[in-house]
Amino acid sequence: MLYMVEMIVQIPHSLDPALVAQIKQDEKEYSQKLQREGKWRHIWRVVGEYANVSIFDVQSNDELHGLLSGLPLFPYMQIKVRPLANHPSSIVQE
Ligand SMILES: O=C(O)CC1=CCC(=O)O1
C-alpha cells in the first residue's frame with residue numbers, strides 16, 4: 001500500500017543544539033535504513049520550508065503508524081498521511 005506523507009518539522013528553539021544535532025543524525029540513519037528496505041520510496045524537500053513530502057510502501061496503516069511514530073523527530077513534527085490508489089490514466093499500475 002502506498003501513502004503520501006507530509007512532515008513539517010518544528011523543533012523548539014529552547015532545545016539543546018547538541019541534542020538537536022544528534023536527533024537529526026538519528027533521523028537520517030533511520031530514514032536511510034527504511035529507504036534501503038524499500039519501505040520509504042521517496043523523500044523530497046518542500047522548497048522554502050523545513051518540511052518533506054515522502055512516499056511510503058508498507059503493508060498496513062498500523063505498519064505505517066509504527067514507522068512514523070518511531071521517527072526520532074516524531075515529537076517535533078506535524079504529520080499528514082494520505083493513502084494512495086491507482087489512477088485510471090496511469091500507465092504504471094503499482
Ligand atoms: O528534514 C526533514 O524533512 C525530516 C526528515 C525526515 C527523514 C529525514 O532524514 O529527515
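Just follow the structure's listing: the first ligand is 1, and inside any ligand the first atom is 1. The structure presented is a predicted model; accordingly, all values stated were derived computationally and were not measured.
Side-chain atoms of Glu27 do not come within 3.5 Å of backbone N or O of Ile23 as any donor-acceptor pair. With Ser31 contributing its side chain and Lys28 its backbone, the two residues share a donor-acceptor pair below 3.5 Å.
Residue-environment remark: CD (Glu37) exceeds the threshold of 12 foreign heavy atoms within 6.0 Å. No more than 12 heavy atoms of other residues, nucleotides or ligands lie within 6.0 Å of CZ in Arg82, so this atom counts as exposed by the packing criterion.
Below 30°, between 30° and 60°, or above 60°: for Trp40 and Phe56 the angle between ring planes is between 30° and 60°, a tilted geometry.
When heavy-atom distances to ligand 1 are checked against a 4.0 Å cut-off, Ile43 comes that close only through its side chain, counted from C-beta outward. Of all the heavy atoms of Trp44, none lies under 4.0 Å from any atom of ligand 1, so neither backbone nor side chain is involved. Using a 4.0 Å cut-off between heavy atoms, Tyr30 makes no contact with ligand 1 at all.
Protein heavy atom in closest approach to atom 6 (C) of ligand 1: Glu27 OE2, 3.1 Å.
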Go through the steps for Asp57 and Tyr3 under the test side chain to side chain donor-acceptor pair (under 3.5 Å), then give the verdict.
CA-CA 7 Å; Asp57 187 355; Tyr3 297 85; over 6 Å; no
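Within the listing of ligand 1, atoms 7 (C), 8 (C), 9 (O) sit less than 4.0 angstrom from a heavy atom of Ser31. Those atoms of ligand 1 with a heavy atom of Asn52 less than 4.0 angstrom away are 2 (C), 3 (O), 4 (C), 5 (C), 6 (C).
Heavy atoms of Arg45 approach ligand 1 to within less than 4.0 angstrom.
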